[in-house]
> 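One structure, as structure tokens, below. Some questions next.
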Amino acid sequence: SMCYSVIILVTGVKALLEHSGCSLFTVLLGIAFGVLTSLNGFFRLKAMALGEMSLTTLFVAASMIIPGFSGAVIWGEELPWTRVVGTFVMILAVYLAATRCGKKSSPAWFFFCIGTFLFNGFVGVLQKVQGYSDYAAESGMFLFTAFLTAVVVSVIFALYFTAKEKPPSPFFTGKDV
């Protein structure tokens, strides 16, 4: 949340200096971006806590497939054959790394990896949506709204999960020795 707070300050000042305006489209897209960013962070941390960091990082890196292919499918961006081949190589590498040496990964780890793959990938798609929209000049307000939302969602997550933790007993239980 501290990093998000610094980003909010910088993007907020930038947006105010630009006087770029702010449409409802920009606000709603920024909110969606902020929620996805927070969910991505939460899912990534859970995946890293439940499984190997190196494998989780591969899933995160592979998520760039989503905005890459969405550009070709939705906006008609060029899709060179090298990107297609590279995508298949990346998917094969993730699969081989995840199944190497017959080591089993937990279903919970895989669930959180898929979540971070999707959330991180769709964050990239939302960036493209904003950049290709009629409101592309409102990028400062888009980022300000996005990171303000990310801070609020992250604080809600922190409060919720902190409240769920069982506080330590103030009494000697015998297990402390």
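These numbers come from a predicted model, not from an experiment. In what follows, every heavy atom counts, from backbone to side chain, and hydrogens, waters and symmetry copies are set aside.
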> Nearest 0.5 Å, please: how far is CD in Glu52 from CG in Leu58?
10.0 Å
> Could you grab the distance from atom CZ of Phe119 to atom CD1 of Ile66, nearest 0.5 Å is fine?
10.5 Å
> What heavy-atom pair brings Thr56 and Cys113 nearest, and what distance separates the two atoms?
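Minimum heavy-atom contact is OG1-SG, 4.0 Å.
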> If you look at every heavy atom in Val27 and Thr145, which pair is closest and at what distance?
O-CG2, 3.5 Å
> Contact between Thr149 and Phe33 at the side-chain level, heavy atoms closer than 4.5 Å - yes or no?
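They are not in contact (no side-chain heavy atoms under 4.5 Å apart), so the answer is no.
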> For the hydrophobic clusters of this structure (ILVMFWY residues joined by side-chain heavy atoms under 4.5 Å, transitively), does one cluster hold both Leu39 and Val152?
no
> Scan for salt bridge (charged side-chain N to carboxylate O under 4.0 Å, His left out) pairs involving residues 80-89, sequence neighbours excluded, and state none if there are none.
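Of all non-adjacent pairs touching residues 80-89, none passes salt bridge (charged side-chain N to carboxylate O under 4.0 Å, His left out).
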> Are any non-hydrogen side-chain atoms of Thr87 and Phe69 less than 4.5 angstrom apart?
yes
> Should Val129 and Leu143 be regarded as members of a common hydrophobic cluster, given that ILVMFWY residues are connected when their side-chain heavy atoms come within less than 4.5 Å of each other, either directly or indirectly?
yes
> Please tell me whether Leu28 and Leu36 are part of a single hydrophobic cluster in this structure, the criterion being side-chain heavy atoms less than 4.5 Å apart.
no
> May I ask whether Val123 and Met48 are part of the same hydrophobic cluster, defined by side-chain heavy atoms of I, L, V, M, F, W, Y residues being less than 4.5 angstrom apart, directly or through others?
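Each belongs to a different hydrophobic cluster.
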> What I'd like to find out is whether the side chain of Phe142 reaches to under 4.5 Å of the side chain of Tyr135, using heavy atoms alone.
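They are not in contact (no side-chain heavy atoms under 4.5 Å apart), so the answer is no.
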> Go through it in stages, so that I can follow the logic: the residues are Asn40 and Phe122, the test is side-chain contact (heavy atoms from CB on, under 4.5 Å), and I'd like the CA-CA distance, side-chain angles, deciding distance and then a yes or no.
CA-CA 10 Å; Asn40 175 46; Phe122 283 107; over 6 Å; no
> So Ile91 and Ile65, do their side chains get closer than 4.5 Å, heavy atoms only?
yes
> If you group Ile, Leu, Val, Met, Phe, Trp and Tyr by side-chain heavy-atom gaps below 4.5 Å, do Phe157 and Phe111 land in one group?
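Linked within one cluster.
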> So which atom in Ala158 and which in Thr162 form the shortest heavy-atom distance, rounded to 0.1 Å?
O-OG1, 2.6 Å
> Is the shortest heavy-atom distance from the side chain of Thr116 to the side chain of Ser63 under 4.5 Å?
no
> Per the side-chain hydrogen bond (donor to acceptor under 3.5 Å, both in side chains) rule, what does the pair list look like for residues 64-79, sequence neighbours excluded?
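Applying side-chain hydrogen bond (donor to acceptor under 3.5 Å, both in side chains) to every pair that reaches into residues 64-79, excluding sequence neighbours, yields Glu77-Lys128, Glu77-Tyr132.
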> Between Glu138 and Ser23, do the side chains contain an N or O donor and an N or O acceptor separated by less than 3.5 Å?
yes
> Rounded to the nearest 0.5 Å, what separates atom CD in Gln130 from atom CG in Leu29?
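If I round to the nearest 0.5 Å, the distance is 6.5 Å.
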> Counting the benzene-type ring for Trp, do Phe59 and Phe117 have ring centres under 6.0 Å apart?
no
> A side-chain contact here means heavy atoms from C-beta on lying under 4.5 Å apart; do Phe112 and Phe42 qualify?
yes
> Determine the minimum heavy-atom distance between Ser38 and Ser154, stating which atoms define it.
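Residues Ser38 and Ser154, closest heavy atoms: OG-OG, 3.4 Å.
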> Side chains of Asn120 and Arg44: does their closest heavy-atom pair fall under 4.5 Å?
yes
> Taking atom CZ as the centre, does Phe25 end up with more than 12 heavy-atom neighbours from other residues, nucleotides or ligands that are less than 6.0 angstrom away?
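For Phe25, atom CZ is crowded (more than 12 foreign heavy atoms under 6.0 Å).
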